[in-house]
Amino acid sequence: MPELPEVETTRAGIVPHVVGRRVAQVVVRNRNLRWPIPTTLARQLTGQTVNSIRRRGKYLIIDTEAGHALIHLGMSGSLRIVTADEAVKKHDHVDLVLDDGRALRFHDPRRFGCLLWTRKDPLSHDLLASLGPEPLGVEFSGDYLHQKSRGRRSAVKGFIMDSHIVVGVGNIYASEALFRAGIHPKRAAGRISRQRYQALAHSIVEVLTEAIEQGGTTLRDFVNSEGNPGYFQQTLNVYGRESEACPQCGHAIMNIVLGQRSTYYCAQCQT
DNA sequence: AGTGCGGCCTGTCCGC
DNA sequence: TGCGGACAGGCCGCAC
């Protein structure tokens, strides 16, 4: 579910309520996420003050003196600030109860997300160490994409969705960025010019930035930390718009499956 | 090393 | 109304 803009929206929403607070209690109702929630987490996190909350790719990092909680929202996860009396719903797997009585509540129907604990530098954790650069950071550019793509014969859409190439570009924004850059999603990554990669890098930055400004995309169930949807879906040009008219040329938007993921594009504008 | 899948889960929707 | 199957915003781990 959540791509980078949704994770960033979540982070920004929980920071004012969580940073500076002490974790009074950790309530784990179901530890069977993608990886089991470590039994050490509750013991080591309880009593700790949250110093900061960072994002690396689609991971959230909750920093404390004793260690760091790593959270991934997977396909269907969300984090909300809840009041002490708010009823626990199905799939509310974990509460980090804060010292003001409220709680950070982790909800994840499909349980593709995770909640891990590490005492070392979280950026060197196995899951984070090999991640590619942040698309909104200084290392990311068209030149970088062009250089990394040489010799690759697989489709450019999968290439930009590979978190070891660049983090945070999921299925929706991959289709949207390729549309904006005029690149066909099936084109071999290694056979795209430096100039076109510059357009693509620009489109990725643009689409992610705009999505963050609009609070992310809600197609079915994304909610921010206050339980509200995002508004970027109104801005989507191709995603979910099969058979609709291309906003640029009027040609019908196509929907194909690429790498087991549904992919939307305009056959006229994208080559 | 790069590529292509299977698999992890539940919920929803669609056709019969 | 019920049921089977496809599909859904992610991504690791494995075979080749």
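Just so we're on the same page: letters track the sequence lines, and every chain starts at 1. This is a predicted model, so every value here is computed, not measured.
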- Item | 5'-most by nearest nucleotide on DNA chain B - A:Ala155 or A:Pro109 | A:Ala155

- Item | Pair partner, C:dA15 [Watson-Crick or wobble, under 3.5 Å] | B:dT3

- Spell out yes or no: do the side chain of A:Arg111 and the base of B:dC9 have one donor N/O and one acceptor N/O closer than 3.5 Å? no

- Query: In whole Å, what is the span from the CG atom of A:Leu73 to the P atom of C:dG9?
  - Reply: 16 Å

- Item | Comparing A:Arg110 and A:Gly168 on DNA chain C - which has the more 5′ nearest nucleotide | A:Arg110

- Note on the structure: pair_partner(C:dT1), Watson-Crick or wobble, both distances < 3.5 Å, evaluates to none

- By nearest nucleotide on DNA chain C, pick out whichever of A:Arg34 and A:Tyr264 is the more 5' one. A:Tyr264

- Item | Ion pair check, A:Glu6 and A:Lys58, cut-off under 4.0 Å | no

- Message: I'd like to know if A:Arg180 pairs up with A:Glu206 as an ion pair, taking the criterion as any Lys NZ or Arg NE/NH1/NH2 lying under 4.0 Å from an Asp or Glu carboxylate oxygen.
- Response: yes

- Report yes if at least one side-chain N or O of A:Lys90 is closer than 4.0 Å to OP1 or OP2 of B:dT10; otherwise report no. no

- Item | Any A:Ser76 side-chain N or O less than 4.0 Å from OP1/OP2 of B:dG11 | no

- Task: Fit a plane to each ring of A:Phe232 and A:Tyr173, take the angle between them on a 0 to 90° scale, and name the class: parallel (under 30°), tilted (30 to 60°) or perpendicular (over 60°).
- Result: tilted

- Message: Work out how far the P atom of B:dC9 is from that of C:dC14, and round it to whole angstrom.
- Response: 16 Å

- May I ask you to decide if the ring planes of A:Tyr59 and A:His72 are parallel, tilted or perpendicular, using 30° and 60° as cut-offs? perpendicular

- Item | Least distance between heavy atoms, A:Arg150 atom then A:Gly190 atom | NH1-O, 3.1 Å

- Query: Given that both distances must come in under 3.5 Å, which nucleotide forms a Watson-Crick or G-U wobble pair with C:dG10?
  - Reply: B:dC8

- Think A:Ser154 has a side-chain N or O under 4.0 angstrom from the OP1 or OP2 of B:dT3? yes

- Rounding to a whole Å, what distance do you find between A:Gln260:CD and C:dC11:C1'? 11 Å

- Whole-Å distance separating the CG atom of A:Leu116 from the P atom of C:dC11: 14 Å

- Query: Under the 3.5 Å rule, do the base of C:dA8 and the side chain of A:Arg261 count as making a donor-acceptor pair?
  - Reply: no

- Query: Hey, does the side chain of A:His72 come within less than 4.0 Å of C:dC11's phosphate (OP1/OP2), counting only N and O?
  - Reply: yes

